[in-house]
Chemist: 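Next up is a structure, given as structure tokens.
All figures in this text were calculated on a predicted structure; none of them were measured in a lab. For ligands, and for the atoms within them, numbers begin at 1 and follow the listed sequence.
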Amino acid sequence: MKTLQGRTLVVTGAASGFGLETARIAARQGMNVVMADVQAEALELAAREVAGLGAPVLAHRLDVSKAAEVEALGAATLARFGAPHVVFNNAGVGAGGLIWEHSVKDWEWVVGVNLMGVAHGVRVFTPMMLEAARRDAAYEGHIVNTASMAGLVCAPNMGAYNVTKHAVVALSETLYQDLALVTQQVTCSVLCPYFVPTGIHESHRNRPVELRDAAAAPTPSQLIAQAMSSKAVASGKVTAAQVAQFVFDAVAARRFYVYSHPNALAPVQTRLDDIVQRRNPSDPFATRPEVGERLRAALRGDA
Ligand SMILES: NC(=O)c1ccc[n+]([C@@H]2O[C@H](COP(=O)([O-])OP(=O)(O)OC[C@H]3O[C@@H](n4cnc5c(N)ncnc54)[C@H](O)[C@@H]3O)[C@@H](O)[C@H]2O)c1
């Protein structure tokens, strides 16, 4: 994309983390900013701050897992700013633990937000962007979907999160190929961050009441996953602001895969080698056996 000035960004999960940092950069670049999030109060605060940077801002509360609410976001965006130029389907939630211990509500929540949220964003905004491209040969559009390194490897005890993030990588690669069949003016990227300090380890804060398991306490594996992810996220050295800048760099360069930690891709190569060489999945703790030992001991109740 040649310029961001005067163009429109739509970002979901805009009240915190990568979404908020992206909105801040967009505002500084002179974009119109549509900020969407499920947390009304946090969204209001974030939108006020971004508007304070001088950007025209549309703040829209929604739950991205709900088809009609993403459709309403699309209609509101179109009415205020016309077809957007950058759409960042970024809202997501974390939930781990042994894969068979998720409740039905766990699956509905995590798949609903992480996968269906992205699917709805693509379903609602892509036709709008293609229509804008048909009308204007100078129009450029770019969709960015947030997956994770968890979409490229399968670390154990990360449950449904891994499943949804692999699905977002597949959705995004398919979107890339499908767009290339019909246009040169709209393309897409997938963001695959490693651990970065944000609010992701406190995702339960935005879990809807109807998808909570009021009666069931978290299982030991879920508590272990929560503790490990909190520690890993808190100790991340790359900042959310840097990741947001990587997103805009990728948009400018029309680069598909966006990483926060490009030096941490060796496990992806190992996984691909396992697949192609028909080996069973490699030990994810091969380079740090003490971490695997600690996890095994904790899960078996020996720690
Ligand atoms: N931080 C990391 O280490 C990391 C690593 C890999 C991937 N990710 C992904 O990055 C994305 C952004 O997360 P973050 O790290 O900035 O976390 P964050 O918790 O700081 O921000 C996520 C935002 O999404 C919003 N949200 C949650 N459910 C929603 C819903 N149903 N509808 C609309 N908004 C909703 C939250 O209210 C929050 O403001 C997520 O998809 C996450 O899975 C994060």
Side-chain angles (χ1 to χ4, degrees), residues 10-24 34-47 49-50 59-70 72-73 88-96 108-121 144-153 155 158-169 171-172 190-212 228-244 246-247 258-261 264:
V10 177
V11 51
T12 65
S16 177
F18 303 143
L20 175 55
E21 294 296 348
T22 309
R24 286 175 175 150
V34 180
M35 300 175 68
D37 203 284
V38 74
Q39 291 194 281
E41 270 177 40
L43 175 63
E44 197 187 315
L45 274 177
E49 185 215 307
V50 171
H60 190 102
R61 204 212 76 90
L62 87 174
D63 178 342
V64 293
S65 70
K66 305 245 162 68
E69 296 188 18
V70 182
L73 173 69
F88 189 21
N89 294 307
N90 165 72
V93 291
E108 281 175 5
W109 179 48
V110 180
V111 172
V113 179
N114 291 4
L115 173 56
M116 292 314 297
V118 176
H120 292 318
V144 184
N145 298 326
T146 301
S148 170
M149 283 296 287
L152 300 172
V153 293
M158 287 186 57
Y161 189 75
N162 285 348
V163 177
T164 59
K165 295 302 186 178
H166 275 258
V168 171
V169 172
L171 190 163
S172 305
V190 66
L191 171 62
C192 297
Y194 201 43
F195 295 111
V196 177
T198 64
I200 193 70
H201 57 296
E202 293 165 345
S203 291
H204 46 272
R205 73 194 187 282
N206 43 52
R207 183 163 175 161
V209 179
E210 66 277 13
L211 290 182
R212 286 186 193 163
M228 287 181 79
S229 97
S230 294
K231 193 172 163 201
V233 165
S235 55
K237 299 282 181 287
V238 176
T239 66
Q242 286 173 304
V243 174
F246 298 156
V247 167
V258 191
Y259 301 117
S260 63
H261 295 69

Chemist: Looking at Val93, which atoms of ligand 1 are within less than 4.0 Å of one of its heavy atoms?
Modeler: 27 (C), 28 (N)
Chemist: What atoms of ligand 1 come closer than 4.0 angstrom to any heavy atom of Tyr161?
Modeler: 6 (C), 7 (C), 8 (N), 9 (C), 42 (C), 43 (O)
Chemist: Could you tell me, atom by atom, which parts of ligand 1 come under 4.0 Å of a heavy atom of Tyr194?
Modeler: 2 (C), 3 (O), 4 (C), 5 (C)
Chemist: Donor-acceptor check, side chain of His166 to backbone of Tyr161, threshold 3.5 angstrom: yes or no?
Modeler: no
Chemist: Could you list which atoms of ligand 1 come closer than 4.0 Å to a heavy atom of Phe195?
Modeler: 3 (O)
Chemist: Nearest protein heavy-atom contact for atom 31 (N) of ligand 1: which residue, which atom, what distance?
Modeler: Asp63 OD1, 2.9 Å
Chemist: Can an N or O of Gly19 be found at a distance shorter than 3.5 Å from an N or O of ligand 1?
Modeler: no
Chemist: Record the part of Glu202 in heavy-atom contact with ligand 1 below 4.0 Å; permitted values are side chain, backbone, both and neither.
Modeler: neither
Chemist: Phe88 and side chain to side chain contact (heavy atoms under 4.5 Å, CB included): which partner among Val10, Thr12, Thr146?
Modeler: Thr146
Chemist: Which option wins on minimum heavy-atom distance to atom 25 (C) of ligand 1: Ile200, Val110, Asp37?
Modeler: Asp37
Chemist: Between Ser203 and Gly94, is there a donor-acceptor pair closer than 3.5 Å when you use the side chain of the first and the backbone of the second?
Modeler: yes
Chemist: So, is Asn206 polar-close to ligand 1, with some N/O to N/O distance under 3.5 Å?
Modeler: yes
Chemist: Quick check: does any side chain N or O of Lys165 sit under 3.5 Å from a backbone N or O of Val163, one acting as donor and the other as acceptor?
Modeler: no
Chemist: Only heavy atoms count here, so choose which of Val238, Val118, Val38 is nearest to atom 26 (N) of ligand 1.
Modeler: Val38
Chemist: Report the residues that fulfil salt bridge (Lys or Arg N to Asp or Glu O under 4.0 Å) with Lys66, sequence neighbours left out, ordered by chain and then residue number.
Modeler: Asp63, Glu210
Chemist: Just distances here: any N/O of Pro193 and N/O of ligand 1 closer than 3.5 Å?
Modeler: no
Chemist: For atom 32 (N) of ligand 1, grab the closest protein heavy atom and report residue, atom and distance to one decimal in Å.
Modeler: Val64 N, 3.0 Å
Chemist: Taking Asn145 for the side chain and Val169 for the main chain, is one N or O donor matched with an acceptor at less than 3.5 Å?
Modeler: no
Chemist: Does Met149 approach ligand 1 within less than 4.0 angstrom via side chain, backbone, both or neither, non-hydrogen atoms only?
Modeler: neither
Chemist: Could you list which atoms of ligand 1 come closer than 4.0 Å to a heavy atom of Gly17?
Modeler: 16 (O), 20 (O)
Chemist: How far is atom 44 (C) of ligand 1 from its nearest protein heavy atom, and which residue and atom is that?
Modeler: Phe18 CE1, 3.5 Å
Chemist: Main chain of Ala119, side chain of Asn89: is a donor-acceptor contact present, judged purely on distance under 3.5 Å?
Modeler: no
Chemist: In Å and rounded to the nearest 0.5 Å, what is the CG to CG distance from Asn90 to Asp37?
Modeler: 9.0 Å
Chemist: Any idea which of Ser229, Gly13, Ser16 brings a heavy atom closest to atom 20 (O) of ligand 1?
Modeler: Ser16
Chemist: Check this for me - ligand 1, Thr198, N or O atoms closer than 3.5 angstrom, yes or no?
Modeler: yes
Chemist: May I ask you to identify the nearest protein heavy atom to atom 22 (C) of ligand 1, giving residue, atom name and distance to one decimal place in Å?
Modeler: Gly92 O, 4.0 Å
Chemist: To the nearest 0.5 Å, what is the distance between OG on Ser148 and CG on Asn162?
Modeler: 8.0 Å
Chemist: To the nearest 0.5 Å, how far apart are CH2 in Trp109 and CG in Asn206?
Modeler: 6.0 Å
Chemist: State the CZ-CD distance between Arg24 and Glu49, to the nearest 0.5 angstrom.
Modeler: 4.0 Å
Chemist: Pull out every atom of ligand 1 sitting under 4.0 Å from any heavy atom of Ala147, numbered as shown with elements.
Modeler: 7 (C), 9 (C)
Chemist: Determine yes or no for a side-chain-to-main-chain donor-acceptor pair under 3.5 angstrom, with Arg212 supplying the side chain and Arg207 the backbone.
Modeler: yes
Chemist: Give yes if a backbone or side-chain nitrogen or oxygen of Gly199 is under 3.5 Å from a nitrogen or oxygen of ligand 1, and no if not.
Modeler: yes
Chemist: Which of the atoms in ligand 1, numbered in the order shown and given with their element, are less than 4.0 Å from a heavy-atom of Leu62?
Modeler: 32 (N), 33 (C)
Chemist: Who's the nearest protein heavy-atom neighbour of atom 19 (O) of ligand 1, and how far?
Modeler: Arg205 NH2, 3.0 Å
Chemist: Taking atom NE2 of His261 and atom CZ of Phe246, what is their separation to the nearest 0.5 Å?
Modeler: 8.5 Å
Chemist: If you count the atoms of ligand 1 from 1 in the order shown, which ones are under 4.0 Å from a heavy atom of Gln39?
Modeler: 37 (O)
Chemist: Keeping Arg205 on the side-chain end and Gln39 on the backbone end, is there a donor-acceptor pair under 3.5 Å?
Modeler: no
Chemist: Is the contact between Asn90 and ligand 1 made by the side chain, the backbone, both, or neither, using heavy atoms and a 4.0 Å cut-off?
Modeler: both
Chemist: Is there any N or O on Val196 that sits under 3.5 Å from an N or O of ligand 1?
Modeler: yes
